[in-house]
Protein chains: 2
Amino acid sequence: MASGNFCAKDNLNMSKPPTRIQKKNRSAILSAGLDVFSQFGFRGATLDQIAEAAGLSKPNLLYYFPSKEEIHQQLLSGLLHTWLDPLRTMKADGDPIQEILAYARRKLDLSRDYPRESRLFANEVLQGAPRLGESFPDLKSLVDEKAAVIQGWAKVGKIAEIDPHHLIFLIWAQTQHYADFDVQVRAVLECDDPYPQAATFMEHMLRRTLAP
Amino acid sequence: MASGNFCAKDNLNMSKPPTRIQKKNRSAILSAGLDVFSQFGFRGATLDQIAEAAGLSKPNLLYYFPSKEEIHQQLLSGLLHTWLDPLRTMKADGDPIQEILAYARRKLDLSRDYPRESRLFANEVLQGAPRLGESFPDLKSLVDEKAAVIQGWAKVGKIAEIDPHHLIFLIWAQTQHYADFDVQVRAVLECDDPYPQAATFMEHMLRRTLAP
DNA sequence: CGTTGCTTTGACCAGTTGGTCAAATCAAGA
DNA sequence: TCTTGATTTGACCAACTGGTCAAAGCAACG
């Protein structure tokens, strides 16, 4: 968003359309950065690790991104938006139970399909969200808005009277758990794909929790 | 020099009872290490940070612990036991709903009272639990045992038919969320202490999920 | 008082870190 | 083909990393 274009290398600024090589290498670096940052956090990750994972030399990597910070920032910037998208599509005029169930389902799919992004986010929040704190007001306003919708449903008796914020936290917690604590889940279940059972369980739990 | 003892410093090995100073400094170091490791993970934490947080010089810190690894290991060693203790005290011959509710409650208290420990654990698991993986078999057997108890309750109709493993995951996820994602929870709620509401919500959710 | 052994520290070390730079290489259009 | 600009790299740097060591300080006990 609003790339102020500080890029040190003049030949790489976004005034011209990116070449094929630029596209390929930039995305390779971002994917490698996602791998490494999501596992070790910002401070624990090293440029050498990222460069090797991307199949580039370190100076070459720094040719495409001006700094470690910039790679990380780039990864974070789109993250919160993607992460909140399922919540955003929850509509006040739909069937309450179905809307909430669908939201939880979409969030669980996100955990299954983008576990690295989930862990990157978890790492960032664990460290106190120093590079994400600016986005928290937006987060809060969206959550407050949807919490009001849920509370509206509760007021007219369509769902049980519950604390809507903590319901959202419940869905966040449960869905992200399967991505962030993947190794633990797999160690306990000894199962290739816990997601089908997780989806069934979550639906059962939500239906009962929400029933008027 | 080439002593078979693990501890590099001979005067610090545990053959003698620790002095007052040793006790004080060792615990100061462990507390500081908990602060730093829980925020930045093993790789992201530095000895300088820990030493400063403990109010000691780096060489002095290394006088009490032979390495960074050892401090971390010391912190992890007791962790899993403490963490699983609430689950361990869940008794098959109690009232099912009350037993599960009490377990969840104890786990939530742990998140409230020991958030650093929760985050240390989260950081470790996020990184693939490289220094914890050995303990996972014990974890699995305890969880399997308790899952069998829960399933027994379900079989005789005392609680609803649910997947016991995912019920345990649900409790883990929800309780740890309040410790690990503390900054996010506070940013959304703008509230000093989310735990009373969290406890009420969790009880509501569990009662409805478990009702036969 | 002096001795003894615990405690603390400044100086130091080798390896790693994020990052720079000039020079070399490569790709593609004229 | 040659030229031009994009791409890649080896050598390098200052700051930081985990860790060592000898020497200095300190407490307590006889």
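Lettering of chains follows the sequences in order, A, B, ..., and the numbering in each one begins at 1. Computed from a predicted structure; not experimentally measured.
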From D:dT8, C:dC21, D:dG18, nucleotide with atom closest to A:Pro59 side chain:
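Per side-chain heavy atoms of A:Pro59, the pick is C:dC21.
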
Side chain of A:Lys68 only, heavy atoms from C-beta on: which candidate in C:dG18, C:dT8, D:dG18 is closest?
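Ranking C:dG18, C:dT8, D:dG18 by closest atom to the A:Lys68 side chain puts C:dG18 first.
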
For [X], what residues pass the side chain to side chain donor-acceptor pair (under 3.5 Å) criterion, not counting sequence neighbours?
| X | result |
| --- | --- |
| A:Arg43 | B:Gln49 |
| A:Tyr114 | none |
| B:Asp163 | none |
| A:Gln74 | A:Glu70 |

Neighbours of DNA chain C within residues 31-51 of chain A, by heavy-atom distance under 4.0 Å:
A:Ala45, A:Thr46, A:Leu47, A:Asp48

Partner residues of A:Phe37 under the ring-ring contact (aromatic ring centres under 6.0 Å, His included) criterion, sequence neighbours left out
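By the ring-ring contact (aromatic ring centres under 6.0 Å, His included) rule, A:Phe37 matches A:Phe42, A:His72.
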
Determine: side-chain N/O of [X] to OP1/OP2 of [N], distance under 4.0 Å, yes or no.
| X | N | value |
| --- | --- | --- |
| B:Asn60 | C:dT7 | no |
| B:Thr19 | C:dT7 | yes |
| B:Asn25 | C:dT8 | yes |
| B:Gln22 | C:dT7 | yes |
| A:Tyr64 | D:dT8 | yes |
| B:Tyr63 | C:dT8 | no |

Output all residues satisfying salt bridge (Lys or Arg N to Asp or Glu O under 4.0 Å) with B:Asp109, sequence neighbours left out; order by chain, then residue number.
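For B:Asp109 the salt bridge (Lys or Arg N to Asp or Glu O under 4.0 Å) partners, ignoring immediate neighbours, are B:Arg105, B:Arg112.
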
Tell me, please, which residues at least two apart from B:Lys146 pass salt bridge (Lys or Arg N to Asp or Glu O under 4.0 Å).
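By the salt bridge (Lys or Arg N to Asp or Glu O under 4.0 Å) rule, B:Lys146 matches no residue at all.
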
[X] [atom1] - [N] [atom2] separation (whole Å):
| X | N | atom1 | atom2 | value |
| --- | --- | --- | --- | --- |
| B:Glu70 | D:dG18 | CD | C1' | 15 Å |
| A:Lys24 | D:dT7 | NZ | P | 10 Å |
| B:Lys58 | D:dT20 | NZ | C1' | 11 Å |
| B:Leu56 | C:dT8 | CG | C1' | 9 Å |
| B:Leu61 | C:dT9 | CG | P | 12 Å |
| A:Leu62 | D:dA11 | CG | C1' | 15 Å |

Worked check of salt bridge (Lys or Arg N to Asp or Glu O under 4.0 Å) between A:Glu190 and A:Arg186:
CA-CA 5 Å; A:Glu190 279 180 354; A:Arg186 279 175 208 279; over 6 Å; no

Determine the interplanar angle of the A:His165 and A:Phe169 rings, folded into 0 to 90°, and report it as parallel if under 30°, tilted if 30 to 60°, perpendicular if over 60°.
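Plane angle between 30° and 60°, so tilted.
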
Which pairs pass salt bridge (charged side-chain N to carboxylate O under 4.0 Å, His left out) with one or both residues in residues 51-60 of chain B, sequence neighbours excluded?
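Those involving residues 51-60 of chain B are B:Asp48-B:Lys58.
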
With sequence neighbours left out, which residue pairs that include part of residues 119-136 of chain B fulfil the salt bridge (charged side-chain N to carboxylate O under 4.0 Å, His left out) condition?
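Counting only pairs at least two positions apart or across chains, the salt bridge (charged side-chain N to carboxylate O under 4.0 Å, His left out) contacts touching residues 119-136 of chain B are B:Glu69-B:Arg131.
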
State whether the side chain of B:Thr175 and the backbone N or O of B:Trp172 hold a donor-acceptor pair below 3.5 Å, judged by distance alone.
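Judged by distance alone, yes, a pair lies under 3.5 Å.
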
Involving DNA chain D, stems made of at least three consecutive Watson-Crick or G-U pairs, both distances under 3.5 Å
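Runs of three or more consecutive pairs: C:1-30 with D:1-30.
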
With 3.5 Å as the limit, what N/O pairs link the protein to nucleotides 27-30 of chain C?
from   : atom 1 : to      : atom 2 : distance (Å)
C:dA28 : OP1    : A:Arg20 : NH2    : 3.1

